[in-house]
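Heavy-atom basis, side chains included; hydrogens, waters and symmetry copies ignored. Proteins get letters first, then strands, A, B, ... in listed order; numbering begins at 1 in each. Because the structure is a prediction, the values reported are computed rather than measured.
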Amino acid sequence: MKKNALVSILAILLACCVVMGCASALADSQKQRTLTVFNWFDYIDEDVIKMFEQETGIKVTYTNFTTNEEMFVKLEKSAGSYDVIFPSDYIIERMIKEDMLEELDMSKIPNAANLIDWCKSPDYDPEGKYSVAYMWGTVGILYDPDQVDGEIDSWGALFDPQYKYGVFMLDSIRDSFGVCLRYLGYSLNDHSEEALDAVKDLLIQQKNDNIVAGYLVDETKDKMVAGEAAMAVMWSGDAMYAIEENENLRYVIPKEGSNIWIDGMCVLKNSQHKDEAMEFINFLCRPDIAAMNQEYISYCSPIQQVVDGYDEEQLNQPALNPSAETMENCEFFHDITEFMELYESRWMEVRA
Amino acid sequence: MRKTLRGVYLGLILFFLYSPIAVMIVLSFNASRSRAKWGGFTFDWYVRLTQRSDILQALWVTLTVAVIATVLATIIGTGAAIGIQAMKKRPASLILKVSYLPMTMPDIVTGVSLMLMFVFVNVPLGYWTMVMAHITFDTPYVLFSVLPKLRQTDSNLYEAALDLGCTPMQAVRKVILPEIMPGVITGALLSFTMSLDDFIISYFTSYTDKNLSMVIYSAARKGIEPSIYALSTIMFLVVLALLIVINKRGALENVS
Amino acid sequence: MKRSWFAYPYSLWMVIFTIAPMIFVVYFALTDTSGALSLSNMAAVGQETYLKILWRSLYLALICTVICLLLGYPAAYFLASKDFNKNQTLFVLILLPMWMNFLLRTYAMMSLMENQGIINTLLKAMGLEPVRMIGTEGAVLVGMVYNFLPFMVLPVHTSLKKMDQRVIEAAEDLGANPAQVFRRVTLPLSMPGVISGVTMVFMPAVTTFAISRLLGSGNFMMFGDLIDKQFLELNNWHFGSSLSLIMMALIIISISLLNKADPKGEGSAI
Amino acid sequence: MIEDTHLIELKGVSRTFGTTQALKDINLYIRKREFVTLLGPSGCGKTTMLRIIGGFEYADEGQVLFEGKDIANVPPYKRRINTVFQKYALFTHLNVYDNIAFGLTLKKMPKDEIARRVGRMLRLVKMEGYEKRGVDSLSGGQQQRIAIARALVNEPEVLLLDEPLGALDLKLRREMQLELKSMQQQLGITFIYVTHDQEEALTMSDTVVVMNHGCIQQIGDPKRIYDEPKNAFVADFIGESNIISGVMIRDELCEMFGQEFPCVDEGFAPNEPVDIVVRPEDVMVVGEDVGQLTGEVASVIFKGVHYEMMIRTEAFAWKVHSTTMQPVGTRVGLTIVPFNIHIMHKAGGQ
């Protein structure tokens, strides 16, 4: 009897599969419009996706990545899987070079006109043909004033041995190297062996001095909120999020200068759903949607109407609205793929 | 006295194994987001769970992948066991040795090797590659749960069925299958559990579609959100239920 | 149609999804990006950086295995002894965590061990100094032991339970006191289970990834993390394959050694 | 031969497992150099009794005395008693030599002394040359011998054997029975032997203890047990018998099927209902007209030495052993001499 029951359970499960298979086949035959979005982890208000699906009837598969490098690998190795992607500036530069991106049909993205000016024609995509900015931000230090001496204004704090296990570094090659390069007075895009060796020594010294609490990416913001460490290298938006959760925390872009970046939205050349993709990009550029996203993920939106809506407190927040001179002191990453091996081998030495 | 000491020791081991789980269950009802203080009892995190589309989507992926993989693995694995039983010693032992591979290889190697192949033959890594990977690691579990049962049955059974006028398919369906059913069901349950639980192989063989484990991995990176505790609590109870069923069948110790 | 044909779909499946992928690993490991045969990636594994990571993995896995053995053997022994062998629930309880998603378990561990986590909160409440656990090697080790302990208990318990109780009585009868019975009879006879347990703990421990990241805060990269990084971050698939090949070789060597030690496969469980 | 000292004595021993009482108030003594067999169907408590003597079980009530001293608190490894286990319980991780030497190495005996004793044992059990073999590679009979050697090498006062021949085939079993008996006589130690095979018990023992349901039914030498079973259970269990419900009319006269039979038993109450046992070989087949009873041959089976016939009389089907065959359907007479009629109290008393 029991045996029969289990057999019938199996049979039911099998039947479910068949039905499911049919259903999906049916859906395909009805030309259900679909779209696969490949975005950073925790980088959109999920409600926005639901709204998009409701408004357009397009079924969105939403999937995410943690670093630009991971995204690039997955794009390259699983061609045809994705439609809309959200790469950062230097990766866009690389993808344009490698002819991976579809030229955008701006007539389908009228809302791109809402972009603030300096985001309309960034130097990685001077004519704005391949990408529309989604968010921008900076890299700085998020710190807990209770756990540090006075105010922090230099990258040097990251290497101060008094902060025992007090510093979270970013597990992201270019960000971690970039921070050090600026601290040592080099350009963010320097790839001379001399500069990179100096960075490597600095990072190894930092590790050996037991300053590093960990090399993490997304988890740092929560850890900072919980007071797990004195400071962390952090992207401005994550810092904003953390500050909203724990008002005590402060974000600073050190005086040595830092990285400013833009994450764009692009459509892949091998995408099967280009129209849907552009529709999605246009949707995200709608001021009300952009505001929702800005609210949710706390990064700086490049949409003019969103910026206009900032209140006093937001305007005074360096993570959201850095001063003009600070921005002047910041630099974009550029594509240096051919030199990445120099970075990687040194990074592995640091991490090993 | 001796029994008490031993009981205390086992108690400590259980404490070690369960205190994190207990903490998790308690925190899933904690109104405060902080894990260090109790903010009152709430079901909010469970409600929130039902609103998280990524988790619901992942749940759907996990369940369907597990079901499809289990059904196919059960069919393929049972057939394999029946076939191997009838083979000569050498080819049989060769197949068995190869079958041990996915069971003994570290998951990461299995995952990476499948990923390499899928990429090489240009298959987009998503739902269906995940299904195929799951079938691959599930099937040996079915095979090794069915084989012992098959060995217990009379080896002349199949011949007897043919002798009495069955076609080979009928012989398998009407005579052998009923005999080995307990093994087949055990294998299917094991497969299902393995599929539900898999992270590493899925992580490498699917880029676009994520199962629960992969979402948990992402979530763990983001930081601790009590709705994940709620999810853990539910999954713990599901596994508990599954395991009770498997254990009732006395399968845990028979699978070798 | 012969009965052995029923195994053909499976055989085909194994060729395509087990053997072929392994061949791809070997192929990638022995070629460079241009597709030409090259040993440079294999040779690169020998660099100090990677040996350091390999060594750390082996050493952490070894300590983890030893701790699991020391904690797990008595547990399995007590569970199989007359005192508790009637208690099936207890046994299931010890095994249950094995079937629970290891990420969830690790996640739970994480919330216990953070600086502001539960253990430290309790310590502070008792007026003691908080201890830094997360981000240390110790935390990674605790996480590994926590995850893999049931994998030791299960096979040891199985082999102890399979043991004929009369053999133990025979030893007592021949004049062995309890300690001698254990050392001269129980332990040697449970060796297959121990070996199987060591395999089931050591193998996944060497290749574990994610645990070191979640509990070690990324401070202690292990071999599994390294492979993950090569494939999904640094896009260096050939080198990643070389690392995987080394891993495969290590495993195959250990398995064949173990097969020698336990030719009948008596200790195998699950 | 057998000394008259009580080497082992059980006094009022009881043991209960859960709700089943395995042993009920057992009183028994075993003399030095005696070959005692505990005989009974499975579940009768004989193995439990052996295990209590060996120290693997304890008695809930009563005492076990060894040379007059209570050994309840002496663990098995300190008792001068060794056991040959049911399925031998050999150590599969050790070879033949190390199995036998196991007990001696524990006593930290010098190596050469161990070698000498093991060699002697191997000779005794006729297994010379097998020292280095793994025990798994031996046949059942060989394993049996090793198990005996492993126990005997420790020169115990008492050897306990728990159905040691159960797994062997009939021919080998017969051989081993004789060998065991001769070993026992040669070594002059006490054997306590558990079996459910009555033939084995009768062949080897000095004393047979018949047990059922945790109680001793009868203690005695084999001949006595066979010829004078104390009750219907013993009669039935030991050899084949015809058991008839009857009445003891007075001394030396009983009644079966309403017919009077002279017998030799005395001391029953007048008209006491009794069980009457007649062995099949004691029923004599005679001419139809001269027998005490008449019947018809219902079946005949050839048993090698004799024929076993079922002879149906009016009220009872008699089992009869005879060297001459009567064809089925023949009407015959049956006669039983008084000496071969065994009268027993109805079951219930001991």
Side-chain angles (χ1 to χ4, degrees), chain C residues 69 73 76-77 80-88 155-198 257-269, chain D residues 17-18 47 50-58 74-95 98-109 114 121 134-136 143 146-156 158-164:
Chain C
L69 186 61
Y73 196 103
Y77 183 77
S81 72
K82 263 181 272 177
D83 297 339
F84 295 101
N85 65 2
K86 298 269 159 28
N87 200 336
Q88 190 66 15
V156 173
H157 178 266
T158 307
S159 75
L160 285 170
K161 210 145 187 217
K162 258 198 254 167
M163 201 177 293
D164 188 350
Q165 196 57 37
R166 272 180 304 249
V167 174
I168 309 292
E169 289 177 357
E172 289 181 7
D173 182 78
L174 294 169
N177 63 35
Q180 288 168 317
V181 169
F182 179 76
R183 197 164 55 83
R184 289 172 175 266
V185 178
T186 314
L187 190 61
L189 282 176
S190 63
M191 265 338 256
V194 170
I195 288 170
S196 166
V198 165
L257 282 180
L258 288 171
N259 277 345
K260 262 195 197 131
D262 177 25
K264 281 169 267 165
E266 282 173 40
S268 52
Chain D
F17 296 107
T47 298
L50 195 77
R51 288 170 62 80
I52 287 176
I53 297 172
F56 308 117
E57 283 292 346
Y58 57 92
V74 180
Y77 56 92
K78 286 189 182 149
R79 297 190 183 191
R80 298 200 319 275
I81 298 174
N82 284 114
T83 310
V84 176
F85 287 84
Q86 202 161 14
K87 281 166 198 145
Y88 321 141
L90 293 176
F91 304 127
T92 46
H93 63 293
L94 301 176
N95 63 19
D98 290 334
N99 261 281
I100 299 177
F102 189 88
L104 301 180
T105 28
L106 290 175
K107 289 190 192 119
K108 304 232 160 46
M109 200 171 271
I114 293 178
M121 271 306 137
V135 292
D136 279 347
Q143 292 192 6
I146 301 305
I148 293 168
R150 183 180 70 175
L152 284 178
V153 77
N154 301 296
E155 300 178 346
V158 181
L159 186 67
L160 309 179
L161 301 102
D162 188 4
E163 308 219 8

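- A distance-only check finds no donor-acceptor pair linking the side chain of C/R184 to the backbone of D/F102 [under 3.5 Å].
- Here the shortest heavy-atom pairing between C/L160 and C/T186 reads CD2-CG2, 3.6 Å.
- Put simply, of C/V185, C/V181, C/I168, the one with the most heavy-atom pairs under 4.5 Å next to chain D is C/V185.
- Using a 4.5 Å cut-off between heavy atoms, D/L160 makes no contact with chain C at all.
- When all heavy atoms are compared, the tightest approach of D/F91 to D/V135 is O-CG2, 3.5 Å.
- Ring geometry for C/Y73 versus C/F182: interplanar angle over 60°, hence perpendicular rather than tilted (30 to 60°).
- Interface residue D/N82: backbone and side-chain heavy atoms are both found under 4.5 Å from chain C.
- Counting heavy-atom pairs closer than 4.5 Å to chain C, the top residue among D/R79, D/R51, D/Q86 is D/R51.
- In this structure, chain D has heavy atoms under 4.5 Å from both the backbone and the side chain of C/E172.
- Heavy-atom neighbours of D/Y58 OH from other residues, nucleotides or ligands within 6.0 Å: at or below the threshold of 12.
- When each of D/A151, D/A147, D/A89 is scored by its heavy-atom pairs under 4.5 Å with chain C, the top score falls to D/A89.
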